Number of protein chains: 2
Amino acid sequence: MTRERWREIRALIERDIMDGVLEPGARLPTEPELATQYEAGRHTIRRAIAELAKEGHLSVEQGRGTFVQPRPMIDYPIGRRTRLRRNLGAQGIDVTSEPFGADRIPAEGRVARMLNLSEGSPVIASRRLSHADGVPVSFGTLYHDAERFPDIAERRIGLGSVSAVYRSYGIEDYLRGQTQIHARPARSEEARRLRQHPDMPVLVVRALDRELDGTPLAYGQVIWSAARVRFSINIDDEDAG
Amino acid sequence: MTRERWREIRALIERDIMDGVLEPGARLPTEPELATQYEAGRHTIRRAIAELAKEGHLSVEQGRGTFVQPRPMIDYPIGRRTRLRRNLGAQGIDVTSEPFGADRIPAEGRVARMLNLSEGSPVIASRRLSHADGVPVSFGTLYHDAERFPDIAERRIGLGSVSAVYRSYGIEDYLRGQTQIHARPARSEEARRLRQHPDMPVLVVRALDRELDGTPLAYGQVIWSAARVRFSINIDDEDAG
DNA sequence: CCGAATTTGTTCGTATGTATC
DNA sequence: AGATACATACGAACAAATTCG
């Protein structure tokens with residue numbers, strides 16, 4: 001006999017989700033109901049639910065209820081040519097994105113270094129949130145040299161993709177330089193933006209795009225939902241995706 | 001009471017860690033002590049501690065106490081030539097690894113596909129746990145064609161690195177093919193192996209190594225501690241690291 | 001080697017706050 | 001405004017792991 005009742009309950013609920021007894025989107029019984037159903041205290045139920053929410057199986061919403069969450073995995077290829085729309089579009093995924101702010105700020109530390117600018121020279125930081133098939137998958141900041149791309153934030157609103165904006169500046173092609181990836185627990189604000197449980201981790205990607213001659217174009221930091229995205233690195237592919 | 005006492009306490013403890021009042025490795029006061037100190041219930045303290053542990057600042061050990069954890073970040077380059085020892089050795093990190101089991105099993109689904117074997121043909125699955133400067137950073141399974149490398153598990157015990165084992169088979173060089181990365185919460189067993197808190201996420205890397213002519217050599221799945229490792233992808237570099 | 005003391009882990013009960021409908 | 005449902009909090013007890021005499 002396991003004395004850890006919350007693990008048993010967790011396993012029972014997970015089984016119901018896997019078996020389809022609880023369908024994606026379905027609402028679970030309320031916590032007091034589950035407590036009587038499983039003959040346990042409400043704390044124990046909450047512990048089991050918290051664990052399942054952490055793993056992305058459930059989403060808990062105060063005042064509404066607890067819901068079974070579907071978890072489609074998007075495969076995002078990283079290669080020499082890393083293009084959000086083209087790569088995901090090839091998988092039949094509809095990508096949209098919306099800006100949520102742009103600032104003209106002085107470049108500090110890493111940003112200045114990566115863009116080959118002197119510390120304190122102005123850069124445009126433009127923030128966007130991206131959805132795949134209507135579900136938020138990432139948000140992040142892209143930094144551009146303000147001297148070279150003074151109105152990039154405005155152009156990004158009109159034109160959809162990053163590639164289209166670059167073409168409007170006469171840049172026909174660009175390549176992904178260095179990419180750094182790590183994972184960490186999500187801050188509560190990030191979890192809210194990505195509509196995932198606070199206990200689900202995020203993937204942090206820092207990357208530099210360059211022109212064909214090596215000139216730095218943009219440095220970006222993007223937070224991805226670990227529940228919804230995985231990365232593929234195809235080193236040999238001339239064109240990832 | 002909107003004040004969410006556990007968040008306040010969390011912030012106070014975190015500040016003490018950041019300011020060095022609580023040094024790395026130091027033991028925190030016991031939970032009942034902290035409860036009286038912060039004038040809160042033990043549950044509230046535990047909630048604050050759990051949050052900090054999730055983020056890797058604390059490590060909680062039943063029967064012993066709660067300790068401040070140092071969190072060094074290792075940068076692991078992924079490129080055409082991805083070599084654990086060479087890459088981390090260049091950063092001045094001492095890499096060791098120990099085997100913890102090897103099986104001869106029939107290849108299923110993904111493994112068979114990646115290694116270009118027919119479903120059910122025998123493969124050697126060898127498991128290893130790797131340390132960097134004495135701290136566990138990853139563990140995983142490497143699959144090899146059993147026909148071609150029948151005694152690879154034994155050879156890996158004698159010879160240290162993967163590269164050395166391949167050389168013993170007459171393979172002087174090999175390249176990294178596809179790599180997949182995603183993040184997820186750690187299972188409790190994984191957290192125990194990596195000596196990290198159960199709430200800290202892990203990075204899962206699936207990769208295929210090929211010979212220079214493209215023949216698949218090995219398919220592997222490695223679980224990395226997200227608290228200790230980040231990945232760098234240098235696409236242009238002929239030799240990553 | 002054993003048992004007691006210490007410390008964290010789990011569970012129950014209960015009360016109150018906050019968000020949603 | 002009221003009902004419903006999750007969030008936070010306190011108290012108490014026992015279980016499990018570790019340490020130490």
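Values below: all heavy atoms of this structure, side chains included; hydrogens, waters and symmetry mates excluded. Computed from a predicted model, the values in this text were never measured in an experiment.
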Exercise. In whole Å, what is the span from the CD1 atom of A:Ile9 to the P atom of C:dT10?
Worked result: 13 Å

Exercise. Rounded to whole angstrom units, what separation is found between the CD1 atom of B:Ile45 and the P atom of D:dC10?
Worked result: 8 Å

Problem set entry | A:Arg127 NZ/CZ over A:Phe100 ring centroid, <6.0 Å and within 45° of normal | no

Problem set entry | Interatomic distance, A:His43 NE2 vs D:dC14 P [rounded to whole Å] | 18 Å

Exercise. Would you call the rings of A:Tyr76 and A:Trp224 parallel, tilted or perpendicular, where under 30° means parallel and over 60° means perpendicular?
Worked result: tilted

Problem set entry | side chain to side chain donor-acceptor pair (under 3.5 Å) partners of A:Thr44, counting only residues at least two apart | none

Identify each atom pair where a protein N or O and an N or O of nucleotides 7-9 of chain C are less than 3.5 Å apart, giving names and distance.
{"unit_1": "C:dT8", "atom_1": "OP2", "unit_2": "B:Glu31", "atom_2": "N", "d": "3.0"}
{"unit_1": "C:dG9", "atom_1": "OP2", "unit_2": "B:Arg46", "atom_2": "NH1", "d": "2.7"}
{"unit_1": "C:dG9", "atom_1": "OP2", "unit_2": "B:Arg46", "atom_2": "NH2", "d": "3.4"}
{"unit_1": "C:dG9", "atom_1": "N7", "unit_2": "B:Arg42", "atom_2": "NH2", "d": "2.7"}
{"unit_1": "C:dG9", "atom_1": "O6", "unit_2": "B:Arg42", "atom_2": "NH1", "d": "3.2"}

Problem set entry | Side-chain heavy atoms of B:Leu194 within contact of B:Val135, under 4.5 Å | no

Seminar exercise, completed: To the nearest angstrom, the CG-P distance between B:Leu34 and D:dA9 comes to 15 Å

For this session: Identify, with sequence neighbours excluded, every residue that meets side chain to side chain donor-acceptor pair (under 3.5 Å) alongside A:Arg47.
Result: none

Problem set entry | Pairwise side-chain contact, A:Glu51 with A:Ile9, heavy-atom cut-off 4.5 Å (strictly under) | no

For this session: Quickly work out the A:Glu39 CD to C:dT11 C1' distance and round it to whole Å.
Result: 15 Å

